[in-house]
Every structure is written in structure tokens, then in C-alpha cells.
Number of protein chains: 4
Amino acid sequence: MQKVSHESAPTSSDRVDGRSQGKRQLESERKRQRILDAAQRCFGELGFAAAKVETIAAEAGVSNGLLYQFFRGKEQLFEVVVEELIRDWAHTMFPRTGDPPESCAAALEAMLRNSVEFCRTHPLLPRLLTADAVLELERFSDVATRRLEAQRTHVAGILERGVRSGEFRADLDLASAADIISQLHADYAARAYRRRPEYPMTPELLDALVRFVHDALRA
Amino acid sequence: MQKVSHESAPTSSDRVDGRSQGKRQLESERKRQRILDAAQRCFGELGFAAAKVETIAAEAGVSNGLLYQFFRGKEQLFEVVVEELIRDWAHTMFPRTGDPPESCAAALEAMLRNSVEFCRTHPLLPRLLTADAVLELERFSDVATRRLEAQRTHVAGILERGVRSGEFRADLDLASAADIISQLHADYAARAYRRRPEYPMTPELLDALVRFVHDALRA
Amino acid sequence: MQKVSHESAPTSSDRVDGRSQGKRQLESERKRQRILDAAQRCFGELGFAAAKVETIAAEAGVSNGLLYQFFRGKEQLFEVVVEELIRDWAHTMFPRTGDPPESCAAALEAMLRNSVEFCRTHPLLPRLLTADAVLELERFSDVATRRLEAQRTHVAGILERGVRSGEFRADLDLASAADIISQLHADYAARAYRRRPEYPMTPELLDALVRFVHDALRA
Amino acid sequence: MQKVSHESAPTSSDRVDGRSQGKRQLESERKRQRILDAAQRCFGELGFAAAKVETIAAEAGVSNGLLYQFFRGKEQLFEVVVEELIRDWAHTMFPRTGDPPESCAAALEAMLRNSVEFCRTHPLLPRLLTADAVLELERFSDVATRRLEAQRTHVAGILERGVRSGEFRADLDLASAADIISQLHADYAARAYRRRPEYPMTPELLDALVRFVHDALRA
DNA sequence: CATGAATGAGGATTCATTCAT
DNA sequence: GATGAATGAATCCTCATTCAT
């Protein structure tokens, strides 16, 4: 009866500073993370309704009840999973380190390829990106929505720079183009995870996509 | 003897000839259709798992049990709904009547606009198009999958003609381009139904999309 | 709205005398009988709870609803079936015609063989004879019970004559012996219908049974 | 991990060694047994179809859902009940302890009296012995059938010894006689439980039955 | 009379959540 | 902290019975 903050999504226990975690706290924190990982897998593969709490706990290697020490319930677990996921995804797409790409087209391409790679290992994101999961849960954490908008804005920024530099055509509708590119981005990232033969995600297709976007934008 | 065909998805009763349906049969047929409509709405809005049989029956204005005279269960109801939906969608996208478009670009544009319009009134399709529903039901009617492939093939055909006629660029990867276009098509058709402010579907966006595709393909 | 007597079990409609039945009444009477036959088969094979009204009606070749013109419900249908069955069985066991058997042992043997033969074609009787069906229906027509007692009494009568004539041993407990014989009689009659390999009913077994009873009774 | 073995019918939990069962496991095991007891009563008194899961759970003093932690469903519960019942019955009929009866007739008599006594407190067995329940459940545990055959074989063995020792008549049809005796045995055991006035089970009747069988077999 | 479509109460089953240990 | 046995509300489905045609 100690943590149970249940309010926000504290990655770690209510420690004040970074150290001073006994072995117990550390072990606990590790279990919390295992639950989140398992939840992401299950929600991603089955959807919210079809994923069973029991399965998630089993996959995490913890008991059914422990889950309720960390999260208020299935619903809040879902919310936390989504928030963490979106945060990780953003970090992958726009890595802090590394040199900035030399051209705007290269920036878009990098973003696309990074994102596809991320989704290959994160089942849940595709579902969120296609915005279906939103329907499954009324009180959906709007973190996801805000982050998606942020991405569109970011893309629009890149496009604007490209237009100004003459790299992209001048009469581009920035908002719409950013929307379309974000959408394509989400789609093929989704496929990268799903690996269904009907919706393949081959390197050739990815190359074609990059080319497609490039041609549509070029001056 | 009841009806209880349960096998395929006969739109009308097992009448031998075209007429001779008493008021009873007619009324019954209408109820079957109302159930299908209600089911499409519910599945589309809530997903398979979250849609309750009771709700579907209530929305259709019939009793809980009547549903089971027409369908083996919730699952088969879903399958039939999907099949009908896909069939209707195909008819909308490729209408038999009317003159063939004068250019390949125009053909693509017509397809896109038709489909978007269709989705505006058919909640379920977006979910199928984004291929999420597939995960929700093991024994998913493969009609949907086959039809989606048919669409890609159709688009590829249009593209091929365009390439041959010099309308589109010669080094186009037909398969990949058809895939991308079909995907965009599905995405924005989906949005047309959802009407969520975060993922809008304005006429401007649609115009931009048409232009985007056009630019990406042009010779 | 004509027959619906529903009270007792009139084999035919409420005709006052034996003739004067129009074709309609005759046809109706035939359907009633077909329902009874089908019901006997279904109840016999599946038991009361597992037999569906719909199945019975279908087997009788009539509609679901017609059944309720003749009988108050599933329950009363069962009662009527039982009464008719018991009556028929009694007629088979103790046929009016023919010469009386020359010995008491012969009388018992005839009864046994007749009864076994009857059950071969009347599925329900075995269930009643083993008195299990009684448990399945609270307000069971006591006709069956009374008839079974009648049989025991009849057997006791034969035994008494046999004792007096010196054919059977003098210290026989009449009531108990009659009970045992009736019970055996019911058991093997039941088997004759069931035809299950684990509980066979071969001619040899029947012969052995006759011999068994004979040896147990002989003076 | 729960328990959910669901496979066979382990009387006790999957403990590795014989002890080390916490109070929880013990309590759980007790509940499992209470469910089995209640199920036996309900199935025995009402038959498979008419017995409600809810009633069984209520009689066992547990919730509706707990039943499904121990058994796959109503059907498997029935199967387990039958297997346990048959096993217990066998133990009662052929107790390991005690001296072997001095004569074959005495052996038969002991078997009969033991079995009658057992049925007095085990409602379900009569139904199984009369082989009616088999009809009620397709995938009936064949344990019952095998055990019944075992009993017949056992009886036949006793008879054979009796014939060889000259206690029983030499021209006895062993198989048929064993069948008849087993049948009588089942019948009166059944009555012992039912306690219905129409089919009484008095000590006198039991004595008469023993005498009846004895007379039928004697040399 | 005859039909069979329609009803809805009743029963089996699932699964998120709690709580005694 | 951690467990997992226990709960029971929620949901799918069945089937006896009714009634408009």
C-alpha cells in the first residue's frame, strides 16, 4: 500500500531523487515495466477489448493482482502504455543526436525509415496511428492525439523550409501535404509491424514510397 | 423448416421464382436487412468485441432471438456484413454505368472521390480497410482480402495504361505505386466516415490529395 | 378454435359417435397421431429436456404452432404420449385373442417375449420402465405408475396360480418375486430397444433369462 | 497460472509432494470437492440437461464462476463426476480389506448388498447403471462403460468358480447369467437411492432377491 | 385450420476486479 | 509487497410459446 499513485504515469516509483532505491523498489520497477511491455504486445496484437488482463499478467510473469498495484485497471494501463509508446516513438523519429540531414527531402526520408523501423518492434503503434483504437476507449489519453499533431506540424515545418529553399514546388498546400505524408508514414509503419502477406512491406516498396513522395513534392 | 439458411448471404429469401413473396416473407426480409444495417453501424463504431448482440437487435428494432434465425451467431453476422459491405463498396467505386473517364488520372480521381463518398455513410469499411478488423476475427471472410487485392490490381491496370500512353512517367514501379495509391485511398475514405476533428477530411484536403498523386505520377 | 380440449387424451376429436368425420377432421386426426409418434421417438431417444418441440414438429411434418392446437404444451404432450404408450404396451403384453398359455411358466415367458418385442419399436418405454423419466417431470401422469403396478399384480397372479398348482415352489414370496420378474422384464425390454453393444439383447440372452427365471421359481 | 488443469480428474491439486499445501490450497481443494458433491446430487436428481450450473454452484456454496476454474464447463464437470463415482462404487463393491467370502453365493450376496448400500447415498449412479445418461451426453466418459463391463466380468468369474466347485449348476451360461445378475444388481441398487414408494427397496425384497438368484443358480 | 416468424425469459460462460493470506 | 482464488456482472445463445396472416 505504498505506490498506488495511479494518477499519472510515473515511470518509476515516487522517489524524490534518482538514487536511494532499495533492491525492492528496483525489482518492483522492473515488474512494472514488464507489465507495460506485455500490455503493449497484447493490446497491439488483439486490440483493447480482446486482450485479457490475465494474459498480460502471465506474459509479464507476474500475478493477476499485482497489476492492480501499479494501475487502476485495464483502462488506465492502456493509457499509460499509449503515452510511453508515443514518447518512445517520437524519440526514435527525431533523434537528438546525429547531424541534421542536408536536405529537406532527406529529412523526410529519414523520418519515414526510422518510424517504419520502430513499428517493426512495437505492435501497438500501428493501431494507434490508424486511429482505430481511439474508438475503443472513450476516455482515451489525448497524449496520442497531441503527439500525432505534433508530428504533422513537424512535417509541415520541413516542407516549409523546402519550399522556401526552392527544393519543393512553390504552390504546395503545406497543411494538406503534411497530412498526406504523415498518413503514408503511419500506414507503412503499421505494415512494417503487421507483416501480413496481403499488406507487405518490402524494401522496394519503401524505396518506391520515398520516391513517390519526392516526386509529388519536387519543384 | 424456418429459414435458417445460414450458409451464404442470400440477400433475399430462398424463393424459387422472383415474385410470390407474401407480406410475411417481405417483412422478414426487411428485418434481416435492418439487422445487417444495425450490425454494420455497431461493428463499425465499436469494433467486433465491443458491439453487443443485444444492441444490434435493439437498433434493428427486433428481438434478441430473431437474429439467430438469420445468422448462426455474432461471428457469422459479422462475416455476412463484411461481404455485403465489400460488394457494395466495389459497386460504388467502379460503377458499371457512365462513360469511361477520358484520362487515367481522371479515372484515379473518380475512384478516390467515389470511395470517399461511400465511406461517409458506411462506418465499417474504414476499419476493414485499415486491416485491423482482421485481427479481431480469426476466420475472417476472405472476401474482403480478395476484394482489396482486386482493387490494387485495378489501380495497377490504370497506371499501366497511363504509362503506355505517356501520361505517367515511364520508370514507374507499377505494383508499388498501385499499393501506395490504394493505401491513400483507403485512408482518406476512412477519414470521411470518422469525421474526427484530428483527422479531418475537407474538400481542400481531397483536392490536395488528388494533386499529390497526380504530381507523383506525371511523366 | 374447435378442439382444444386439452384436458384428457382423446384419441380422436370430440366426435360423439364413430363416424361423421369429415375429411378435415380425418386429416387433422392423422396429424395429431403423427405428432404423437414423432414425440415418442424424440422423447425416447433424447429424454424430455433434450427433445425440442421444433424437432418433434419437423419430424411429424407439421408446423411448430399446430402442435399447440392439440396439446397444451410440451409437458402435456409428454403425458399423452406416455399414456398411449402404456396402453399399447399393455395390449401387447396381454393380448386378448389367442389361447391362454398351458402353464404359468409359459405365461411368464410369453409376456417377457412379447414385451421385449414391443420395446424394439417403442423407444420411450424403456425410459419409463426404468423410472428415470419420472424424475424429469414433476407432474407426471400417474397412468404409467398405475399401469406398472398393474403389471406387477398380474405377474403376482400368475405366480400365485403356479404355486397353487405346484408348478412353482411353495415358499415363494409372491410380491417380491413379481417385483423381480417385472424388473427383469423391464430391463431387457429396454435393451431390446437401445441396441447398444455394451448392453446387448441377443436371443441367447433372452433364452437364458427365461431359463433363469424358471429355475428360480421351480418347485 | 491458476489451477485449470482441466485434463483429467486430479482429486488433489498439482502438488509435487504429498504435503506443503497451504490453507489456501486446502480450502480450494475442499471447494472443488463440494462442487463435485453438489454436481453429483443435482445430476442424479435432475439429469444432465435439467441441472443448472447455478444451482450446483449454489449448493456447493461457491460462486458461479469458480466452477469454471476447476472444470472446462458443465459437460466436463459431468464427466469427472461420473469417473469419481464409478471409482468409489467399485471400491465399495469389492473392498480390498476383509476376508474373502467362504462361498460363491456369499460373494454374490455381499456384492449386491454393498452396492445397494452405496447407491442409497449416491444419486447419480442409478442413472448411469440404467444407461440412460449415456444418451444425454455424446462424449460420455467411457470409464463408466468399462467399469460396468469389469463388473460383469467379475461376476462371471465368481460364477465360473461356483460351477467348477459344484456349487452352481453345470450347464450355466456364464456370460448370460453374469449379465442378468449384474442387471438385477444395478436395478435394485438404483431403487435403494430413489426411495420411491412405487419401486420400494425393503429388506424383505433384498432377501428375496438374494434367494431368487441363489435358486436360479444352484446345482 | 395451419403456418412459421417473432418473442424473451432463462441458462452457460467469460473476465475484470477484489481481498484474504 | 505479491499472490491467485474467488466473485458476479455482463454477454452470447437456446428454445418453448404466441400470434398475425
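Letters A, B, ... mirror the listed sequences (proteins, then strands); counts begin at 1.
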Once you round it to whole Å, what is the distance between [atom2] of [N] and [atom1] of [X]?
X	N	atom1	atom2	answer
D/Arg32	F/dA5	CZ	P	13 Å
A/Leu67	F/dG1	CG	P	14 Å
B/Ile56	F/dC13	CD1	C1'	14 Å
A/Arg34	F/dA2	CZ	P	11 Å
B/Ile35	F/dC12	CD1	P	14 Å
D/Leu66	E/dA16	CG	P	17 Å
B/Phe43	F/dC12	CZ	P	9 Å
D/Gln76	E/dT14	CD	C1'	16 Å

Exercise for review: Check side chain to side chain contact (heavy atoms under 4.5 Å, CB included) between A/Ala38 and all other residues, then give those that pass, not counting sequence neighbours.
Suggested key: A/Arg41, A/Ile56, A/Glu59, A/Ala60
Review point. Can you list the residues that meet the side chain to side chain contact (heavy atoms under 4.5 Å, CB included) rule with C/Lys74, with sequence neighbours excluded?
Key: C/Phe43, C/Phe48, C/Val53
Practice item. Measure from the side-chain heavy atoms of C/Val62 and tell me the nearest of F/dA6, F/dT7, E/dT3. Key: E/dT3
Review point. In terms of side-chain heavy atoms of A/Ser28, which of E/dA2, F/dA2, E/dA6 is nearest?
Key: F/dA2
Study note, to complete from the structure: Intra- and inter-strand pairing of DNA chain F, written as dot-bracket with Watson-Crick and G-U pairs under 3.5 Å and | for the latter, reads .||||||||||||||||||||
If every non-hydrogen atom of [X] is compared with every non-hydrogen atom of [Y], which pair is closest and at what distance?
X	Y	answer
A/Thr55	A/Cys42	CG2-SG, 4.1 Å
D/Gln76	D/Phe70	OE1-O, 4.5 Å
C/Leu77	C/Ala39	CD2-CB, 3.9 Å
B/Tyr68	B/Gly73	CE2-CA, 3.8 Å

Study note, to complete from the structure: Residues at least two apart in sequence or cross-chain that pass salt bridge (Lys or Arg N to Asp or Glu O under 4.0 Å) with D/Glu54, listed by chain then number, are none
Review point. Quick one: does B/Glu84's side chain have a donor or acceptor within less than 3.5 Å of a partner on B/Val80's backbone?
Key: no
Review point. Is the phosphate of F/dA6, meaning OP1 or OP2, less than 4.0 Å from a side-chain N or O of D/Lys31?
Key: yes
Check your understanding: Residues two or more places apart in sequence or in another chain: which of them pass side chain to side chain donor-acceptor pair (under 3.5 Å) with C/Asp37?
Key -> C/Gln33
Point to revise | Under 4.0 Å protein heavy-atom contact, by nucleotide of nucleotides 16-21 of chain F - B base, S sugar-phosphate only | key: SBB-BS
